[in-house]
Number of protein chains: 2
Amino acid sequence: MAISETGGDAGIDIVYRSDCPSRPILDQIADKWSMMVMAVLDKPTRFNEIKRRLEGVTQRVLTQTLRRLERNGMVVRRVLPTSPVGVEYSLTPLGESLREPFGRLYDWTVNHADEIRAHQMDYDQRVQS
Amino acid sequence: MAISETGGDAGIDIVYRSDCPSRPILDQIADKWSMMVMAVLDKPTRFNEIKRRLEGVTQRVLTQTLRRLERNGMVVRRVLPTSPVGVEYSLTPLGESLREPFGRLYDWTVNHADEIRAHQMDYDQRVQS
DNA sequence: CTGAATCCAAAAGGATACTG
DNA sequence: CAGTATCCTTTTGGATTCAG
């Protein structure tokens, strides 16, 4: 049985193997900030605009996240011919195509956040920490 | 515009806020090992069986991952009345419901792994490291 | 068999200061 | 404005040992 019943033709039988090509990729994209940055980038956006909308992210972490996304071909970085310099980030078609599965995960998270928090409280009470 | 065009009714307009309830949840579930453990758990599975199928995971990390998943109500831990003791992990309905969005992400990853690696090689060549 | 405990190295991440 | 560089604290993760 594949992990997904949605018709994916992925080689799900090998994702468990340490040499599965999806592992390093998963490491790169399945993190919180990458997901949030891509959520913000529904249109070309300036660096500080992204930073402002992503409350809590530091400049350093945002830069690193954007670099990694750029390296993976998910976003493009474009320097604007202004003064002072402006930089605009936008999703590539590859990045766009990731928004759908990401959106699924986001929706699930938001829809189940309460239920999960209830479980956590229950667990923390049963297991004295 | 919502991040997902698939009809999710999530409050996507607030996921960027630092007090968005989905943030801590996302931190908990959007990591590589959680995803892989849940991929393995299509049926009740013993600790060592999980460890064996997840090449490369250490005992410590697997234990931590399972604890977190248990705390979040995604898996249940059941001690088997055997000798020596056996422990069996299985998905809860909540955990089951997460497999679909996870599966989407997995499928996307596998299907685009080559393309991403090509981008990485191109980037690494352009940007001398 | 299934962990918990410990030690230690590496990586991640915040704060701050500086620059083209 | 959009970073880079540095320092330093926290977190993570591997390896190993011990125990119910």
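Quick note: numbers below take in every heavy atom, side chains included, and nothing from hydrogens, waters or symmetry partners. Every value quoted in this text rests on a predicted model; they were computed, and no experiment measured them. Every chain is numbered from 1, with letters handed out A, B, ... down the list of sequences.
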>> Between Asp114(A) and Arg117(A), does any side-chain N to carboxylate O distance fall below 4.0 Å?
In response: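 So Asp114(A) pairs with Arg117(A) through a salt bridge.
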>> Whether Glu88(B) and Arg78(B) form a salt bridge (side-chain N of Lys/Arg under 4.0 Å from carboxylate O of Asp/Glu) is what I want to check.
In response: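 Salt bridge present between Arg78(B) and Glu88(B).
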Write down the distance between [atom1] ([X]) and [atom2] ([N]), rounded to a whole number of angstrom.
X	N	atom1	atom2	answer
Asn48(B)	dT2(C)	CG	P	4 Å
Gln28(B)	dT11(D)	CD	C1'	14 Å
Leu66(B)	dG3(C)	CG	C1'	11 Å
Glu49(B)	dT2(C)	CD	P	10 Å
Leu80(B)	dT2(C)	CG	P	8 Å
Phe47(B)	dG3(C)	CZ	P	5 Å
Gln64(B)	dT2(C)	CD	C1'	15 Å
Trp33(A)	dG13(C)	CH2	P	9 Å

Exam field: side chain [X] to backbone [Y], donor-acceptor pair closer than 3.5 Å:
X	Y	value
Trp108(A)	Ser97(B)	yes
Asp122(B)	Ala118(B)	no
Thr45(B)	Ile50(B)	no
Arg71(A)	His119(B)	no

If only side-chain N and O atoms of [X] are considered, is one of them under 4.0 Å from the OP1 or OP2 phosphate oxygen of [N]?
X	N	answer
Arg46(B)	dG3(C)	no
Arg67(B)	dA4(C)	yes
Tyr89(A)	dG3(D)	yes

>> What does the B/S/- profile of nucleotides 15-20 of chain C look like, 5' to 3', with a 4.0 Å heavy-atom cutoff to protein?
In response: B----B
> Where do Leu91(A) and Glu96(A) come nearest, in terms of heavy atoms and distance?
Replying inline: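 Nearest heavy atoms, Leu91(A) then Glu96(A): CB-OE2, 3.9 Å.
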